[in-house]
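Following: one structure in structure tokens, then a few remarks.
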2 protein chains.
Amino acid sequence: MSGAVTLKHIAERLNLSISTIGRALADDPQISLATRERVKAVAGELGYVAHSGARAMRSGRSTLIGLIIPDIQNEFYGTLAKALAEICANAGFQLVLGITEDDPESEERQVRGLLEARASGLVITASPRPTRETLSLLSRSTCVQLIRRTGQLEVPWFGIDEEAAIHSGTAHLIELGHRRIGYLGASTTLSTGRSRLAGFERAFTEAGLEVPREFVRLGRPRAAFAAEAFESLWTDGERPTAIVAAGARLTVGLLQAATRLGVAIPADLSVVGYGDAPWWNPNLTTISLPVRDIALACGEFLLRRIRETEPSSARSAAGQSVTFASALTPGASTRRV
Amino acid sequence: MSGAVTLKHIAERLNLSISTIGRALADDPQISLATRERVKAVAGELGYVAHSGARAMRSGRSTLIGLIIPDIQNEFYGTLAKALAEICANAGFQLVLGITEDDPESEERQVRGLLEARASGLVITASPRPTRETLSLLSRSTCVQLIRRTGQLEVPWFGIDEEAAIHSGTAHLIELGHRRIGYLGASTTLSTGRSRLAGFERAFTEAGLEVPREFVRLGRPRAAFAAEAFESLWTDGERPTAIVAAGARLTVGLLQAATRLGVAIPADLSVVGYGDAPWWNPNLTTISLPVRDIALACGEFLLRRIRETEPSSARSAAGQSVTFASALTPGASTRRV
DNA sequence: CTTTAACACGCAAACGTTTGCGTCACAAGT
DNA sequence: ACTTGTGACGCAAACGTTTGCGTGTTAAAG
């Protein structure tokens with residue numbers, strides 16, 4: 001608080017110099033063992049707590065790592081955050097959380113804040129259209145993209161083969177005999193939205209069918225959008241016999257709306273979800289994503305880059321990217337027609 | 001990065017002093033408007049980013065606020081974190097996330113880390129048995145307890161009237177005619193565990209019934225425990241006709257296990273959940289908690305305390321606490337017997 | 001023409017660490 | 001007795017800001 005204990009206080013207490021105290025606490029063999037122990041004893045007694053800010057300023061490197069994501073309420077981002085927090089803690093870093101709600105200005109503020117804090121690294125799931133300034137700031141930091149991939153940002157990326165993921169789910173429905181298949185997806189301003197829709201379309205063209213565009217609904221990747229979109233899909237005109245939810249929050253929204261409308265799954269409607277939803281009853285047929293593995297890989301990569309960047313100056317590792325595969329987990333929410 | 005732009009660089013570029021640059025960027029009227037604009041222009045051109053660490057060291061206050069919670073994967077803590085992150089962002093603070101997994105040593109490391117970072121404030125949902133050192137560190141910080149309440153920690157608390165919450169859910173089941181009611185709860189080493197169990201028991205004693213202790217299962221507040229406990233409850237001996245899940249993660253675990261075992265809800269078993277689970281099918285009868293409101297109130301209180309603490313030295317606001325009420329949300333997961 | 005005052009800016013210290021180098025005392029080697 | 005060595009510690013600078021105070025210039029007031 002106001003009057004925290006510093007090296008100086010310990011030094012005065014022991015009639016030693018500040019540097020000796022500093023070295024003693026760092027277990028520098030240059031200081032005699034006896035002194036080291038006396039120092040540590042007094043430090044404990046006084047309740048000394050090192051000032052990582054001062055240390056960071058002197059040494060040039062902070063122990064902060066930033067995580068910038070659009071949301072944190074749902075399990076998908078929760079799992080990402082948890083995995084990264086674990087990795088950070090193990091490596092002696094602290095995770096600073098920035099929620100953007102996909103708002104470019106909020107995103108810019110968060111990024112700026114993290115750069116001001118001199119975060120050693122940044123993990124970001126960028127908003128659809130990041131500010132020029134955001135991009136400029138990010139390009140000057142040690143940064144990794146997670147899940148979404150922004151073209152204008154030349155930094156490594158860790159994510160999912162979204163196209164293959166949705167393709168597998170859609171193909172599964174086609175194989176079960178469905179033709180009027182609905183699609184709830186993020187708008188194509190998002191890299192994930194583009195890839196997923198492409199996967200959906202490829203499943204049809206590969207089967208020699210036409211893409212049922214009248215059943216495709218694109219919007220914000222929120223539960224609210226999915227609920228609303230599904231409702232319109234269900235009440236206006238011809239109904240689909242199956243739906244692909246191309247996003248974790250969209251899956252939630254779809255299921256909520258279906259429950260609310262009394263739509264029986266899979267009797268009235270077959271559903272393929274995105275991301276695991278172990279809570280759904282009955283078990284959901286879903287596209288399983290190795291969320292935790294992605295986050296771990298991303299975190300470890302970032303830490304490696306931070307350690308590399310430390311001695312020499314920044315090296316451009318722009319092109320790198322790692323793609324993870326999904327798996328279709330069969331459940332009871334789809335049926336043959 | 002390696003060579004960040006500092007006030008000094010701008011000063012040299014403009015043949016001005018460092019202090020003038022600093023004041024100009026802070027819009028100090030002491031500096032002429034013309035100079036201020038020239039400085040800002042050059043700052044933008046050079047890509048100057050203030051060093052909040054240095055600022056914090058000089059001014060004594062950082063822009064960091066710590067959030068220490070056992071988990072972040074589930075929606076309950078996700079909602080807390082999101083609300084807090086919003087409040088922090090709006091007030092110009094940054095949220096540092098620490099996940100403890102209810103491990104006292106991890107918790108101590110996180111708390112120490114935040115004190116080292118000179119976080120302006122701390123929000124903590126403490127583990128069952130915090131370390132002595134943890135308590136000592138916390139007592140020296142501006143800190144608020146969230147949800148759980150640790151007796152040894154004399155700091156303000158924001159949480160739920162847990163006893164009343166579980167009481168309402170249990171009484172609801174009793175009123176529906178249930179007698180063999182199971183209880184899945186956190187162990188009573190947690191303040192929440194104690195209060196919730198007390199609410200469960202009071203519902204029976206108030207109705208002149210005996211507490212069905214053979215159906216009570218206490219353990220770690222994780223989905224895994226609830227699943228396991230329910231399975232044993234369901235397969236060993238006489239079955240309960242209803243269950244109260246006294247925790248968000250326990251609710252998830254119970255529902256998963258029930259789905260897995262093919263237990264029909266509410267035909268075979270009535271269920272009262274804890275915390276909203278809008279995704280469950282059919283709608284869950286649940287104890288709704290004003291999670292977001294709690295977090296917002298907690299965050300605003302903390303910010304106020306931070307601002308108060310700033311000028312004078314720390315004031316003890318030890319005894320304060322705010323209790324929020326829950327509401328029983330009727331759903332389709334309970335039936336009369 | 002001098003005194004004052006307003007204005008615009010510079011100096012330097014301080015925040016708490018870390019670290020290269022210097023210093024001092026004492027013991028061992030010639 | 002004189003060098004050499006070494007173990008144990010102190011000095012001071014640096015990291016990037018902020019800020020109280022001092023200083024020089026210019027214009028208005030006497």
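Computed from heavy atoms alone, side chains included, the values below leave out hydrogens, waters and symmetry copies. Letters A, B, ... are given to chains in the order of the sequence lines, protein chains preceding strands, and every chain is numbered from 1.
Listed candidates were C:dC21, C:dG10, C:dG16. Nearest to the side chain of B:S19 is C:dG10. With C:dT18, C:dG16, D:dC9 as the candidates, the nucleotide lying closest to the side chain of A:I18 is C:dT18. When the nucleotides D:dA14, D:dT19, C:dC21 are ranked by their closest atom to the side chain of B:R58, D:dT19 comes out on top. Residue A:T20 has its side chain nearest to D:dC9 when only C:dC9, C:dT17, D:dC9 are considered. Among the nucleotides C:dT19, C:dG16, C:dG10, the one closest to any side-chain atom of B:M57 is C:dG16.
Checked by atom type, the side-chain pair B:E107/B:T134 shows no donor-acceptor distance below 3.5 Å.
The residue B:S59 sits apart from the nucleic acid: no heavy atom pair falls under 4.0 Å. Using a 4.0 Å heavy-atom cutoff across all strands shown, B:N15 reaches sugar-phosphate atoms only and no base atom.
Computed from coordinates, the B:I31 CD1 to C:dC7 C1' distance equals 10 Å when rounded to whole Å. Atoms CD (B:E12) and P (C:dG10) sit 13 Å apart, rounded to a whole Å. The interatomic distance linking A:L7 (CG) with D:dG10 (C1') rounds to 14 Å, in whole Å. As rounded to whole Å, 19 Å separates atom P of D:dC15 from atom CZ of B:R55. Regarding B:R118, its CZ atom lies at a distance of 7 Å from the P atom of C:dT17, rounded to whole Å. The CD-P distance, from A:Q30 to C:dT18, rounds to 14 Å in whole Å. Separating the CZ atom of B:R61 from the P atom of D:dT18 is a distance of 11 Å, rounded to the nearest angstrom.
Distance check, rounded to the nearest 0.5 Å: CZ of A:R109 to CD1 of A:I68 gives 12.0 Å.
Side-chain N/O atoms of B:S17 include one lying less than 4.0 angstrom from OP1 or OP2 on C:dG10.
Residues B:A83 and B:A295 approach most closely at CB-CB, 3.6 Å, considering heavy atoms.
By the neighbour-count criterion of 12 heavy atoms within 6.0 Å, atom CD of A:E105 is sparsely surrounded, having that number or fewer from other residues, nucleotides or ligands.
Exactly one of A:I65, A:V155, A:L302, A:L122 qualifies for a side chain to side chain contact (heavy atoms under 4.5 Å, CB included) with A:T142. That residue is A:L302.
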